[in-house]
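Both ligands and their constituent atoms are indexed starting at 1 by order of listing. All residue numbers refer to positions in the sequence shown, counting from 1.
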Amino acid sequence: MEGLDRERPLSLYIHVPFCSSKCDYCAFYSVPSQAVPDGAIGRYTDLVLGEISALRREWGRPFHTVFIGGGNPAMLGYRRLAEILRAAEADGMPEEATVEINPEDLTDGIMELEGLATRISVGVQSLDPRTLAALGRNSSREAAAAALSRLSGLPFDFNADIITAVPGQAIGGTLRDIEAIASYGPGHISFYCLSFEEGTPLSRRSVPLGDEAEAAFLRAGWKLLSELGYRHYEVSNFAKEGKECLHSKVYWGLGQYVGFGPGAESSVGYGRAVSMRDSEDLGSYLRRPEQTVSFLSADETKEELLLASLRTAYGIDKAEYMRRFGEGFDARYGALISRLDSSWYRDDGSRFALTEEGFLFLDRIILELAMAI
Ligand code: SF4
């Protein structure tokens, strides 16, 4: 694989492009079950297994992390998921292996993944039937509560996703969701505002609450999550001690990862990243997986790093920035940083990171700093 840096760890992402039906807010690439051609799931699995074994021939050692996401990976069935994990782990266990599962698919079959997956991520979104209806979510309150209850007794770490700032929802509703979901004991919670993606049924029927209202939902949710013992370590992610998602940290640190499956992205290299994307169409993927490759310049790589790392509470390690690009972080961005509101960031000399207040202005801050590149 072009640009692969053998000195650095490598992570693996598998995108499973199947869902039982489409949720109204979702713009991820996935095919609802009634539109999946006969035999497509078996053929998809064989292709992914083939891609993993080709990568293993080149890499030949354990992956740092593995993540099977979607879509809804459970649509493959637990046996196929176990087969994919066994292939990905044939050279040794990764430090973390996560599988996303929709609540209604969290059956006893999950135990097929014991010893193969370390972490399960479940898209709860809300436990309020009205909020789920406003979202047009393809899953129910009962299924979500049953999945959380089951997970709390199983030998996996688990994450629950929660969506906030949903039209019709009050701040008290989002706080009830957080409290109820946290009571099942997930080590990790993803908490984010509903986004209105172009072309989705949701964006045709309703509009966002607006920046100020969204900020009020976020501030209230962040405060409660912190009181419940979850550390806010990335704009939308919260973890109990030792439960941060290692795979996501690879993305945010602009580490190396290879993605397989329709629409999956890969990024390898260091000072200059090589970015790849699989064709975002099940039909062409099944005919022949093909990747579009872009060779980023050092400046484009710096922009990618800003975009990814400023999302985290760790921000940018200046010594690592120097190793990667051969230039000082302060020399490049210092003048622009001095013009930012000082409540938006922390700088202890070795790291530059945004505060929670800064997270609310993330896009603006990134745009301003990118002007120095
Ligand atoms: S289950 Fe997830 S990936 Fe599938 S349509 Fe719903 S939100 Fe999108």
Side-chain angles (χ1 to χ4, degrees), residues 13-37 40-41 44 48 67-78 80-81 84 98-107 109-110 119-148 151 158-167 169 177 181 186 188-206 208 236-237 245 247-248 251 259-265 277-278 280-282 285:
Y13 173 72
I14 310 292
H15 185 75
V16 180
F18 308 108
C19 286
S20 54
S21 60
K22 283 301 284 185
C23 301
D24 286 356
Y25 58 91
C26 180
F28 283 121
Y29 179 68
S30 68
V31 181
S33 54
Q34 82 274 9
V36 175
I41 289 185
Y44 161 87
V48 165
F67 196 108
I68 306 183
N72 176 12
M75 296 288 293
L76 298 185
Y78 284 108
R80 287 194 187 91
L81 281 174
I84 291 174
T98 302
V99 183
E100 284 181 349
I101 302 286
N102 267 32
E104 65 281 9
D105 294 308
L106 220 135
T107 59
I110 189 101
R119 199 171 170 272
I120 301 295
S121 178
V122 62
V124 176
Q125 318 311 1
S126 173
L127 288 176
D128 176 0
R130 281 164 309 176
T131 302
L132 291 170
L135 288 170
R137 174 77 175 147
N138 67 8
S139 174
S140 67
R141 179 202 186 286
E142 291 68 28
L148 286 166
L151 274 172
F158 68 104
N159 166 68
D161 280 9
I162 304 177
I163 294 185
T164 189
V166 178
Q169 187 184 39
D177 272 342
I181 291 166
H188 192 282
I189 289 181
S190 298
F191 174 71
Y192 44 89
C193 284
L194 175 61
S195 75
F196 289 71
E197 305 292 340
E198 213 181 307
T200 57
L202 176 85
S203 69
R204 287 194 286 275
R205 68 163 181 261
S206 51
S236 308
N237 287 283
C245 175
H247 187 83
S248 300
Y251 297 150
F260 295 136
E265 293 187 11
R277 194 177 163 85
D278 265 333
E280 192 180 87
D281 172 70
L282 179 62
Y285 184 82

Which protein heavy atom lies closest to [atom], and at what distance to 0.1 Å?
| atom | answer |
| --- | --- |
| atom 3 (S) of ligand 1 | Gly71 N, 3.3 Å |
| atom 2 (Fe) of ligand 1 | Arg137 NH1, 3.9 Å |
| atom 6 (Fe) of ligand 1 | Cys23 SG, 2.4 Å |
| atom 1 (S) of ligand 1 | Asn102 ND2, 3.2 Å |

Taking backbone and side chain together, does Cys19 place any N/O/S atom at a distance below 2.8 Å from atom 8 (Fe) of ligand 1? no
Looking only at heavy atoms, the pair that brings Ser30 and Cys19 closest together is OG-SG, 3.3 Å
Could you give me the CA-CA distance, side-chain angles and deciding distance for Ile163 and Thr131, then say whether side chain to side chain contact (heavy atoms under 4.5 Å, CB included) is met? CA-CA 9 Å; Ile163 294 185; Thr131 302; over 6 Å; no
No-hydrogen, no-angle side-chain donor-acceptor test under 3.5 Å, [X] and [Y]:
| X | Y | answer |
| --- | --- | --- |
| Ser126 | Asp177 | yes |
| Glu100 | Ser121 | no |
| Asp105 | Tyr78 | no |

Quick test of your reading of the model: are Asp24 and Arg137 salt-bridged, counting only N-O distances below 4.0 Å? no
Under 4.0 Å to a heavy atom of Cys26 - the qualifying atoms of ligand 1, by number: 3 (S), 5 (S), 7 (S), 8 (Fe)
Heavy-atom contact check, 4.0 Å cutoff: does Asn72 meet ligand 1? no
